[in-house]
Protein chains: 2
Amino acid sequence: MNNLVINIKVHESLYLKDPQTTDLGKRIIEHSVLMIDKIGLECFTFGKLSKVINAAEPSIYRYFENKHQLFVYLLNWYWEWMAARIELNTMNITSAAARLKIVLNVIADAAKKNSSIEFVDEEALHRIVVTEGAKGYHHKMVDADNKEGFFLACKRLCEKIADLLIEVNPNFPYPRSLASSLLETANSNLYFAKHLPRLTDVKNEGNMLTQRVKDLLEYFCFGILYAYDFGKDEQLNHQLIATKKVSYANAHSSDNAMEHTL
Amino acid sequence: MNNLVINIKVHESLYLKDPQTTDLGKRIIEHSVLMIDKIGLECFTFGKLSKVINAAEPSIYRYFENKHQLFVYLLNWYWEWMAARIELNTMNITSAAARLKIVLNVIADAAKKNSSIEFVDEEALHRIVVTEGAKGYHHKMVDADNKEGFFLACKRLCEKIADLLIEVNPNFPYPRSLASSLLETANSNLYFAKHLPRLTDVKNEGNMLTQRVKDLLEYFCFGILYAYDFGKDEQLNHQLIATKKVSYANAHSSDNAMEHTL
DNA sequence: TAAAAAATAATAGTTTTACTATCTTTTGTA
DNA sequence: TACAAAAGATAGTAAAACTATTATTTTTTA
């Protein structure tokens, strides 16, 4: 199941020459992913890459203007890949809520046995997105990059998820913010569990990390999706809160979700 | 109100020589903030800074090992400042929910008339945190930095908020994740509204941006806080969802929160 | 098939940044 | 006032980012 070959098309503003069309181009992509995963975006340079792939440094500049463009190319690859996985895994599901759960599963990266392209190590690429993804759009040149279409894949992905949120609850007022927040929260909690555990409740024990992140995403997502409007109908709110408190206490009285120790 | 002088103490692992103790040190902090805000972290260099403050470049290295250490120093300043503002604004409030609303207000940066330190432009520093804050901990050296105590202020801030979330709902299973998520969501939506508007529902129109972000934070925060446990008591869930849908439709039928057009 | 044209890659630089070794000046104190 | 210690300035080096130019290969066409 799901071993179809996915064809990833990256926007042409993100390269000078399409790396997928040549052998050298593919080696650039392949070893960029491996090297950035290994030594980090800061230490990664075109000079080091050229030595690893046995090419001249200026040859790399024929494909990408600079390190930043190459990095955003890789991010776009990841976003396109995620969108393709979502499409693939939800196409035959009718219930919107069920599709949303699958999307959360894909976001948390729990269902990724899908090595579609032979020269891209998707696990390494995912680690890069989790660790350094934010650098792709958190800088002073973001407006210029945006005009060039650097973030189209991300925006499409976000809107795809937002559409689904609206389908689950047509009255929900923050579909885009929740969609982007879910993408960020998944990555943050994976990262925090590994490096800054005091910033998350998800534990990096055993091999349950992605499952736990998925649980958290579901808890947050459906909690927000069905949230009522605070302050507008206080009486109903208090009524609801009281009901839910009882419901929650019953559900969690002997649950491991109570493990938190502050 | 709130014009008390706040004393910001930054952890000593974050400098070689305390910049607050000398005139040059204060000029380094002051103009780092102004320059990073203006040209961005990437373009900001010790060489350029030394020219602006009329000092020799190596003098700056007496205070900070490198640009990264200086940057994390500034982040810590911000986290300490935010913790101080939270303390100041919530000290006399008994209701936990009311205190939480104030905290969300502080996170969204809507209540910051508090120029405590004369040589730090807090508005510029806040823009830096929103635009580039994630770079402080998203890199390969994060574990080494963490051991040195670079993120203590952030972790304390996060736990302070987590404690409050637990106070509002003692059964809530994800206090730390929600706390960190609120901090990130506030910054993300401010940033997206200005640079990538398709990733948020918050509009950057007029001077209501921080207010709108605060509304979003409240909606998300209280929605999650009182979320019930999906899948454990399906009957009650469906009952609640139905009630809330009606509640929400009534509240928002003629509200601008319905503006979303996908 | 062979020469010209076009595309691609390699060589050898320049500029800027990050950082350091060393020297000079200032300041506090006995 | 003399001296030590701290602070600051001078003048570098090494590496990264990028580019102009030359060399090679491939493609096209006579």
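Here is how names work: the chains are called A, B, and so on, in the same order as the sequence lines, proteins then strands, and each is numbered from 1. Treat the numbers as computed from the prediction; the structure is a model and nothing was measured.
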| said: According to salt bridge (charged side-chain N to carboxylate O under 4.0 Å, His left out), does anything in residues 191-200 of chain B pair up with another residue at least two apart or in another chain? List the pairs. | reply: A/E159-B/R198
| field | N/O donor-acceptor pair under 3.5 Å between B/Q20 side chain and B/V10 backbone | value | no
| For A/Y15, all residues meeting ring pair (Phe, Tyr, Trp, His ring centres under 6.0 Å), sequence neighbours excluded | none
| According to the ring-ring contact (aromatic ring centres under 6.0 Å, His included) rule, which pairs have a member within residues 17-57 of chain B, sequence neighbours left out? | B/F46-B/Y61
| request: Could you identify which residues of residues 44-58 of chain B place a heavy atom less than 4.0 Å from some atom of DNA chain C, listed by residue number, or say none? | output: B/T45, B/K48, B/E57, B/P58
| said: If we count only N and O atoms by modelled type, under 3.5 Å, do the side chains of B/T22 and B/Y63 hold a donor and an acceptor together? | reply: yes
| Rounded to the Å, how far apart are A/I60 CD1 and C/dA10 C1'? | 12 Å
| query | Rounded to whole angstrom units, what separation is found between the CZ atom of B/F64 and the C1' atom of C/dA18? | reply | 17 Å
Under 3.5 Å between N/O atoms: give me all the protein pairs with nucleotides 22-29 of chain C, atom names plus distance.
none

| message | According to side chain to side chain donor-acceptor pair (under 3.5 Å), who are the partners of A/S32, at least two apart in sequence or on a separate chain? | response | none
| Span of DNA chain D in contact with chain A (heavy atoms, under 4.0 Å) | D/dA16 to D/dT19
| field | OP1 or OP2 of C/dT8 under 4.0 Å from side-chain N/O of A/K17 | value | yes
| message | I want to check something: taking the side chain as every heavy atom from C-beta on, are B/K155 and B/N146 in contact at a cut-off of under 4.5 Å? | response | yes
| task | Looking at every strand, decide which applies to B/Y63 at a 4.0 Å heavy-atom threshold: base, sugar-phosphate, or nothing. | result | sugar-phosphate
| said: Does any part of the side chain of B/I28, heavy atoms only, come nearer than 4.5 Å to the side chain of B/P19, both counted from C-beta? | reply: no
| note | Hits for side chain to side chain donor-acceptor pair (under 3.5 Å) against B/S13, two or more places apart or cross-chain, chain-then-number order -> B/H11
| note | note: B/E42, atom CD; C/dT16, atom C1'; distance rounded to Å ~ 15 Å
| Just wondering, do B/V33 and B/E123 contact through their side chains at under 4.5 Å, heavy atoms? | no
| task | Tell me which residues in residues 22-39 of chain B put a heavy atom below 4.0 Å from DNA chain C, sorted by number, or none. | result | none
| Listed by chain and number, what are the side chain to side chain donor-acceptor pair (under 3.5 Å) partners of A/T200, not counting sequence neighbours? | A/N189, B/S177
| message | Test: side chain to side chain donor-acceptor pair (under 3.5 Å). Region: residues 36-54 of chain B. Which pairs qualify, not counting sequence neighbours? | response | B/D37-B/R127, B/E42-B/K135
| message | Applying ring-ring contact (aromatic ring centres under 6.0 Å, His included) as the test, list every pair that has at least one member in residues 135-161 of chain B; sequence neighbours left out. | response | A/Y191-B/H138, B/H68-B/H139
